[in-house]
Novice: 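My structure is below; once you've seen it, I'll send some questions.
Numbering starts at 1 and runs along the sequence shown.
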Amino acid sequence: MTRLPCLLLFTLSATAAPLPAVQVRGSPALSPLMQRAAEDYMAREPGSSVVVATGSSAFGLKSLLDGNADIAMVHGALPAALRTSLDGGGRATRRIVAGYQALLPVVSPDNPLSDIDLPRLRAVFAGAIADWRELGGAPGAITVLLAPPVGATGQAWRDAVLGSRGRFSPHGLLAGERDWAAQLAGHPGAIAIVTADELGPGLKPLTLSGQRADIESVRAGRYPLRIPLLLVVPETPAPQSAGFIRYLEQRLRQDGGRR
């Protein structure tokens, strides 16, 4: 009796290893937008993972430069030193405009001023205009209230508010807290600049040359006092982040950005 060779067939079942988590790091100004996008993307793509960590624009860019982040969240223009490091380090990157943060000049509700142009607003915050009479109001000193400038976020704020003027008024007061209504109530004749999220009762927003800070005006640039919100990504992203970046760009095209 001839024995036939016994052939054993093995079916190997291999599960593909999950891709590493997409690391998104940088400015908290972009965190709400990116957190929502990350949650939606993970719900659409089972097995995907996106981690959003906030610190500062510089933190996000340095993490991208060091290879510890796939996407950097940047509030305002890229700092020159980090832009040079990115370009000189052989890490080709591109910028995605995620939207804009509007800044609104505000005064007390009893202030008769309702509109100001950007050059005069900058002159006020630089100290070149120091009396309400120069803006068509009743004589009286203008008190400039400033938020404490912090890191790259503070730099972006200064750049937007001052333009080429460079320095804030030497008589400006640093606000100890960001309860702007209380600050204005405590300083008659004061003016401050707040974000749209900080606007509330007790604050009268001024239009800029007749333009309100509505979403369409900010997006189109008709309202000029705005800070760009950028996502900096590698020109050739890693496999785990390529899909998320494509999803982000599609989402931003559909949403048309944010204020």
Side-chain angles (χ1 to χ4, degrees), residues 13-102 152-153 156 195-197 214-223 226-259:
S13 176
T15 302
L19 290 172
V22 179
Q23 298 292 331
V24 183
R25 299 183 180 183
S27 170
L30 281 139
S31 179
L33 171 71
M34 295 302 290
Q35 201 67 56
R36 290 192 300 270
E39 291 169 1
D40 290 347
Y41 180 75
M42 288 186 289
R44 289 167 175 250
E45 301 291 338
S48 62
S49 179
V50 180
V51 178
V52 179
T54 59
S56 66
S57 297
F59 162 68
L61 288 167
K62 189 173 187 310
S63 297
L64 184 67
L65 181 63
D66 294 342
N68 296 322
D70 301 287
I71 300 172
M73 302 181 290
V74 179
H75 182 253
L78 300 188
L82 283 170
R83 186 170 62 245
T84 300
S85 297
L86 283 169
D87 295 341
R91 300 181 67 85
T93 60
R94 61 189 180 91
R95 288 79 159 144
I96 300 168
V97 178
Y100 297 92
Q101 182 185 60
T153 298
T195 66
D197 293 338
D214 59 71
I215 291 175
E216 288 302 324
S217 293
V218 173
R219 182 185 301 152
R222 293 190 299 272
Y223 184 85
R226 62 181 192 170
I227 296 175
L229 303 175
L230 305 176
L231 301 174
V232 182
V233 301
E235 192 68 55
T236 305
Q240 73 269 17
S241 60
F244 182 55
I245 292 170
R246 284 194 300 271
Y247 165 76
L248 278 174
E249 292 185 291
Q250 180 183 23
R251 180 187 178 107
L252 289 169
R253 281 194 298 270
Q254 291 172 347
D255 292 347
R258 67 186 286 270
R259 183 164 59 175

Novice: If you measure from CZ on Arg253 to CG on Leu248, what distance do you get to the nearest 0.5 Å?
Specialist: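 It comes to 10.5 Å.
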Novice: Applying side chain to side chain contact (heavy atoms under 4.5 Å, CB included) between Arg95 and each of Val232, Leu231, Val233, report the one that passes.
Specialist: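 Of the listed residues Val232, Leu231, Val233, the side chain to side chain contact (heavy atoms under 4.5 Å, CB included) partner of Arg95 is Val232.
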Novice: Go through the structure and list residues passing side-chain hydrogen bond (donor to acceptor under 3.5 Å, both in side chains) with Glu216, not counting sequence neighbours.
Specialist: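 With neighbours one apart ignored, the set is Arg219.
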Novice: Please report the shortest heavy-atom distance between Pro28 and Gly55, naming the atom on each side.
Specialist: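 Heavy-atom minimum between the residues: CD-O, 3.8 Å.
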Novice: Using ring-ring contact (aromatic ring centres under 6.0 Å, His included) as the criterion, list what pairs up with Tyr223, not counting sequence neighbours.
Specialist: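 ring-ring contact (aromatic ring centres under 6.0 Å, His included) list for Tyr223, sorted by chain: empty.
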Novice: Measure the spacing between CZ of Arg44 and CE of Met42 and express it to the nearest 0.5 Å.
Specialist: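 Separation between the atoms: 13.0 Å.
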Novice: Glu45: what forms a salt bridge (Lys or Arg N to Asp or Glu O under 4.0 Å) with it, not counting sequence neighbours?
Specialist: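 Once residues adjacent in sequence are excluded, Glu45 has no partner under the salt bridge (Lys or Arg N to Asp or Glu O under 4.0 Å) criterion.
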Novice: Give the minimum heavy-atom separation between Pro237 and Ser241, together with the two atoms involved.
Specialist: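 Closest approach of Pro237 to Ser241, heavy atoms only: CB-OG, 3.5 Å.
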Novice: Please identify each residue that fulfils side-chain hydrogen bond (donor to acceptor under 3.5 Å, both in side chains) with Thr54, with sequence neighbours left out.
Specialist: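 If we apply the side-chain hydrogen bond (donor to acceptor under 3.5 Å, both in side chains) test to Thr54, skipping adjacent residues, there are no hits.
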Novice: Applying salt bridge (Lys or Arg N to Asp or Glu O under 4.0 Å) as the test, list every pair that has at least one member in residues 52-61; sequence neighbours left out.
Specialist: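 Not a single pair qualifies under salt bridge (Lys or Arg N to Asp or Glu O under 4.0 Å).
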Novice: Please enumerate all residues that pass side-chain hydrogen bond (donor to acceptor under 3.5 Å, both in side chains) together with Glu249, with sequence neighbours excluded.
Specialist: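 For Glu249, the residues satisfying side-chain hydrogen bond (donor to acceptor under 3.5 Å, both in side chains) (neighbours in sequence not counted) are Arg94.
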Novice: CG/Asp214 to CZ/Arg222 distance, rounded to the nearest 0.5 angstrom?
Specialist: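 Rounded to the nearest 0.5 Å, the CG-CZ separation comes to 7.0 Å.
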Novice: Testing the basics here: between Ser27 and Ser57, what is the closest heavy-atom pair and its distance to 0.1 Å?
Specialist: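 It is CB-OG, 3.7 Å.
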Novice: Quick check: do Leu229 and His75 have side-chain heavy atoms less than 4.5 Å from each other?
Specialist: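 A side-chain contact exists here, since the closest heavy-atom pair is under 4.5 Å.
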Novice: Suppose we screen for ring-ring contact (aromatic ring centres under 6.0 Å, His included). Which residues come up paired with Tyr247, at least two apart in sequence or across chains?
Specialist: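 So Tyr247 forms a ring-ring contact (aromatic ring centres under 6.0 Å, His included) with Tyr41.
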Novice: Which heavy atom of Phe59 sits nearest to which heavy atom of Ser56, and what is that distance?
Specialist: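 Reported closest heavy-atom pair: N-OG, 3.0 Å.
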Novice: Apply side-chain contact (heavy atoms from CB on, under 4.5 Å) to residues Val24 and Val51 and explain how you reach the verdict.
Specialist: CA-CA 6 Å; Val24 183; Val51 178; over 6 Å; no
Novice: Side-chain atoms of residues 64-74: list all donor-acceptor pairs with protein atoms under 3.5 Å, sequence neighbours left out, distances to 0.1 Å.
Specialist:
residue : atom : partner : partner atom : Å
Asp66   : OD2  : Lys62   : NZ           : 2.8
Asp70   : OD1  : Gln240  : NE2          : 3.3
Asp70   : OD2  : Gln23   : N            : 2.8

Novice: Applying side-chain hydrogen bond (donor to acceptor under 3.5 Å, both in side chains), name anything that partners Arg246, two or more places apart in sequence or on another chain.
Specialist: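 In terms of side-chain hydrogen bond (donor to acceptor under 3.5 Å, both in side chains), with neighbours along the sequence ignored, Arg246 is linked to no residue.
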